[in-house]
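One structure is given below, encoded as structure tokens.
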Amino acid sequence: MATATAASTLSWLHSFGGTQKEKTKDSDRNRVFVVFAQKKAKRTRKIILKEDVEYLGKKGELLDVKAGYFRNYLLPMGKAQIITPVLLKEMKMEEARIEAEKQRVKEEAQQLALIFETVGAFKVKRKGGKGKQIFGSVTSQDLVDIIKAQLQRDVDKRIVSLPEIRETGEYVAELKLHPEVTAQVRLNVYAN
């Protein structure tokens, strides 16, 4: 068995240019050694998040993550996708659509603000007490009801910001119709 192993080693050594003794004699010859190297695996992947991932990012973000994290967690859970040119094109179209929708909503809010500011003062009638005092107070729900009755517009009472109204007089209320659009509405409170 040992002789078979030695013979196979010798034949293997001869295929590369001989034994050790022959190598020293033939050191003048040019030898070409072929080295096969594997390409390194990509360590990161470019992905897009399909939903918010804690400590990583929000939906629609483009990120570089480690290949194992993507392969073992994000992909099986359906939280991410590898970026492709088609996916990038779809993403840009979706962003453009969302931006157009935001712009449309903002323009509607600006038109509604213009309507509220040109209407003039809304009149609120309350039962009066001594002097300028009224019984109860005027709430944001009261203003919403008046707007619905006069302008046939539904307004959420949470967007109405009113000062505390416990006396007759003129007041200014703010309606936050959009994060960038606020309407000023005047109120005339009088007692019967």
Side-chain angles (χ1 to χ4, degrees), residues 5 8-9 12 15-16 32-119 122 137-165 171-185 187:
T5 308
S8 66
T9 306
W12 178 78
S15 67
F16 283 110
V32 178
F33 288 101
V34 179
V35 178
F36 294 102
Q38 289 183 334
K39 191 175 182 181
K40 283 189 176 180
K42 285 187 180 179
R43 294 179 184 206
T44 61
R45 299 273 189 256
K46 291 191 180 296
I47 62 157
I48 182 170
L49 293 177
K50 289 183 180 178
E51 58 187 67
D52 292 354
V53 178
E54 194 173 357
Y55 305 115
L56 187 61
K58 301 225 180 263
K59 179 180 179 179
E61 276 189 56
L62 303 174
L63 300 168
D64 285 335
V65 296
K66 299 238 175 171
Y69 182 56
F70 172 72
R71 181 179 60 245
N72 297 324
Y73 178 69
L74 295 173
L75 186 64
M77 298 292 252
K79 295 185 178 210
Q81 207 173 353
I82 289 183
I83 295 176
T84 62
V86 173
L87 190 62
L88 277 175
K89 187 177 179 183
E90 287 177 8
M91 230 177 70
K92 286 180 183 176
M93 289 173 55
E94 183 69 17
E95 285 176 6
R97 188 189 63 76
I98 290 171
E99 193 61 38
E101 179 68 20
K102 284 181 182 178
Q103 187 65 29
R104 186 188 62 77
V105 169
K106 183 179 176 184
E107 287 173 2
E108 283 180 9
Q110 287 172 337
Q111 289 174 353
L112 196 57
L114 186 64
I115 289 170
F116 283 139
E117 290 174 359
T118 57
V119 163
F122 291 103
S137 65
V138 178
T139 63
S140 57
Q141 184 62 50
D142 295 330
L143 180 59
V144 168
D145 293 340
I146 292 168
I147 290 172
K148 185 165 182 148
Q150 289 184 9
L151 300 177
Q152 289 78 36
R153 299 268 184 185
D154 287 330
V155 177
D156 189 4
K157 72 177 187 177
R158 292 176 288 190
I159 67 169
V160 176
S161 173
L162 272 179
E164 190 172 315
I165 302 174
Y171 297 91
V172 175
E174 285 190 353
L175 301 173
K176 191 161 176 95
L177 302 170
H178 186 268
E180 300 172 12
V181 179
T182 304
Q184 302 273 332
V185 177
L187 289 171

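The basis for the numbers below is simple: all heavy atoms, side chains too, and nothing from hydrogens, waters or symmetry mates.
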Sequence neighbours left out, what passes side chain to side chain contact (heavy atoms under 4.5 Å, CB included) with R104? Give chain and number order. E101, E108

Could you tell me the separation between the OG atom of S140 and the CD atom of E174, rounded to the nearest 0.5 Å? 13.5 Å

Nearest atoms (heavy-atom pairs only) where L49 meets A80: CD2-CB, 4.1 Å

About how many Å separate CZ of R45 and CD1 of I83, when rounded to the nearest 0.5 Å? 12.5 Å

Scanning both residues in full, the closest heavy-atom pair of D64 with K46 reads OD1-CG, 2.9 Å

Using the test side chain to side chain contact (heavy atoms under 4.5 Å, CB included), find all partners of A183 that sit at least two apart in sequence or belong to another chain. A113, F116, E117, L175, L177

Heavy-atom closest contact (K148 atom, D154 atom, distance): NZ-OD1, 2.8 Å

Of all heavy-atom pairs linking I115 and T118, the shortest is O-OG1, 3.1 Å

Rounded at 0.5 Å granularity, tell me how far CD in Q141 sits from CG in D145. 4.5 Å

All side chain to side chain contact (heavy atoms under 4.5 Å, CB included) counterparts of R71, not counting sequence neighbours: A67

V138 vs Y171, test: side chain to side chain contact (heavy atoms under 4.5 Å, CB included). Steps then yes/no. CA-CA 11 Å; V138 178; Y171 297 91; over 6 Å; no

CD/E107 to CD/Q103 distance, rounded to the nearest 0.5 angstrom? 5.0 Å

Apply side chain to side chain donor-acceptor pair (under 3.5 Å) to Y69 and list each qualifying residue two or more places apart in sequence or on a separate chain. none

Quick one: pull up OG1 in T182 and NZ in K176 and give me the separation to the nearest 0.5 Å. 4.5 Å

I would like to know whether T139 and D142 meet side chain to side chain contact (heavy atoms under 4.5 Å, CB included); could you show each step before the answer? CA-CA 5 Å; T139 63; D142 295 330; 3.2 Å; yes

Please round to the nearest 0.5 Å and tell me the distance separating atom CG of L187 and atom CZ of F122. 8.0 Å

So do the side chains of L74 and I47 get within less than 4.5 Å of each other, counting heavy atoms only? yes

Side chain N72, main chain G68, donor-acceptor under 3.5 Å: yes

By side chain to side chain donor-acceptor pair (under 3.5 Å) - contacts of E180 (at least two apart): K106

Please name the pair of heavy atoms, one in K50 and one in Q81, separated by the smallest distance, quoted to 0.1 Å. CE-OE1, 3.3 Å

Could you list the donor-acceptor pairs under 3.5 angstrom formed by side chains in residues 51-58, with sequence neighbours left out?
| from | atom 1 | to | atom 2 | distance (Å) |
| --- | --- | --- | --- | --- |
| D52 | OD1 | K59 | N | 2.7 |

